[in-house]
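The structure appears below as structure tokens.
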Protein chains: 2
Amino acid sequence: MHKIKPAQTISSAAIGRALDQLRTVVKQRGLKSSAVRETVAEVALRRPGHFSVDDLVSDLRSSGVIDAHPATVYRVLPLLVEAGLLQLTLISTGDGARYERAFEREHHDHLVCTSCGKVVEFCFEAIELLQRDICERFGFELTGHIHELLGVCKECRTTDAVT
Amino acid sequence: MHKIKPAQTISSAAIGRALDQLRTVVKQRGLKSSAVRETVAEVALRRPGHFSVDDLVSDLRSSGVIDAHPATVYRVLPLLVEAGLLQLTLISTGDGARYERAFEREHHDHLVCTSCGKVVEFCFEAIELLQRDICERFGFELTGHIHELLGVCKECRTTDAVT
DNA sequence: GTCATCTTGCGAACTGTTCGCAATTCCGTC
DNA sequence: GACGGAATTGCGAACAGTTCGCAAGATGAC
């Protein structure tokens, strides 16, 4: 098991590869390319960490390049997920979806502090193997998983103790 | 690892124990007892499987005992979770919360067929141990987790193949 | 029985997300 | 380069689950 290193700023070359991948999916699905979609993809890929749809809409607005309507972003995001650029995660926030870059990053799960909201990413081969094992035993073909550990971090525990 | 046996119909004695447990929590929190709350608890405990808030409201209505307002049920449920009678679960449905009985049942996780919605419950000691291990390494105190495997069941795979 | 407090019902409000539609953009074809 | 069918976008309304505020009702300590 190891801690995931924080998501690096993505290189322009990687953005290019990601957009190529997106175009492939777009073509496969008989869709048309669009500047808006690619801008959304690029801005989303450049954003570090976990972000909400609203965060992304703000980023797009402040980028000055396009001023995409939230509905448009909502329509684009599933496609970016399908194309493997983004990943839907962090369900437990309870206030809407969170996305993060998936393109050219290793898969990982999340450990969330329920007190301060801190998120630690971790990767644990053994659990992934066990998951596949479980699925097989029940005749399922594993397509994804939600795995989020909830806890209280050290800082919050000591702070609370004082309070 | 083993498959969980389907939730048995809960016995009246167990309901009694559950209500006692609820009363303890209620007292601890300086709240007052209430017939409505206990009826909600009882109907929820008797309901097999996973249910939505709406399901529970319908059950309460058709029970003829009380006709609780949804807002009331929304207010009662967190308390029942805190008292250990219910567990919030099945986040991935995307259409609202799901609950299930937790009182006098073994802990388990879920394997969900993304095609037909079938849910298999499983219990895997090893994963639970690994989770605790991960938390410790990061200095977290584990308080809960969301763990849901998404896949396609055998029946759906063969059906889709034909289609 | 009284009184403070908790609980409930009710409807309005809120939030994240989706929908329908008209205007626009894309792109293969002429 | 213009044309035309199809995909995309912006917009606001609609939607669903959930929460909130308030007034009326229930509870329990004294």
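Naming: A, B, ... by sequence-line order, numbering from 1 per chain. The structure presented is a predicted model; accordingly, all values stated were derived computationally and were not measured.
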Side chains of [X] and [Y]: does their closest heavy-atom pair fall under 4.5 Å?
X      : Y      : value
B:R98  : B:L88  : no
A:L60  : A:V65  : no
B:E42  : B:R37  : no
A:Q131 : A:I134 : no

Separation of atom [atom1] in [X] from atom [atom2] in [N], rounded to whole Å:
X     : N      : atom1 : atom2 : answer
A:F51 : C:dG16 : CZ    : P     : 16 Å
B:L88 : D:dT18 : CG    : C1'   : 13 Å
B:D67 : C:dT8  : CG    : P     : 14 Å
A:D95 : C:dC14 : CG    : P     : 17 Å
A:L77 : C:dT18 : CG    : P     : 10 Å
A:I66 : D:dT9  : CD1   : C1'   : 10 Å
A:E38 : D:dA7  : CD    : C1'   : 14 Å
B:L79 : C:dC6  : CG    : C1'   : 12 Å

Note to self: Is it true that A:E148 and B:H147 share a donor-acceptor pair across their side chains at a distance under 3.5 Å?
What the structure shows: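 No pair is found: no donor N or O on one side chain lies under 3.5 Å from an acceptor on the other.
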Note to self: Whether the A:S58 and A:D55 side chains hold a donor-acceptor pair (N or O, under 3.5 Å, no angle test) is what I'd like checked.
What the structure shows: no
Check: Within the structure, does a side-chain N or O atom of B:Y74 lie under 4.0 Å from either OP1 or OP2 of D:dT19?
Finding: no
Note to self: Near DNA chain D, counting only heavy atoms under 4.0 Å, which residues of residues 53-61 of chain B show up?
What the structure shows: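 Under 4.0 Å from DNA chain D: B:V53.
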Next item on the list: Check DNA chain D against residues 17-37 of chain A and give the residues with a non-hydrogen atom under 4.0 Å, in numerical order.
Entry: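 Within this stretch, A:G30, A:L31, A:K32, A:S34, A:V36, A:R37 sit under 4.0 Å of the strand.
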Notebook entry, point to check: For the residue pair A:H145 and A:H107, does the interplanar ring angle fall in the parallel (under 30°), tilted (30 to 60°) or perpendicular (over 60°) class?
Noted result: perpendicular
Notebook entry, point to check: According to the interplanar angle, ranging from 0 to 90°, do the rings of A:H50 and A:H110 count as parallel (below 30°), tilted (30 to 60°) or perpendicular (above 60°)?
Noted result: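 Geometry flag for A:H110 against A:H50: perpendicular rings.
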Which nucleotide, [options], lies nearest any side-chain atom of [X]?
X     : options                : answer
B:A71 : D:dT9, D:dG12, C:dC10  : C:dC10
B:H69 : C:dT8, C:dC10, D:dT19  : C:dC10
B:A97 : C:dC10, D:dT18, D:dG10 : D:dT18

Checklist line | Minimum-distance pair of heavy atoms, taken over all atoms of A:K118 and B:F140 | finding: CD-CZ, 4.5 Å
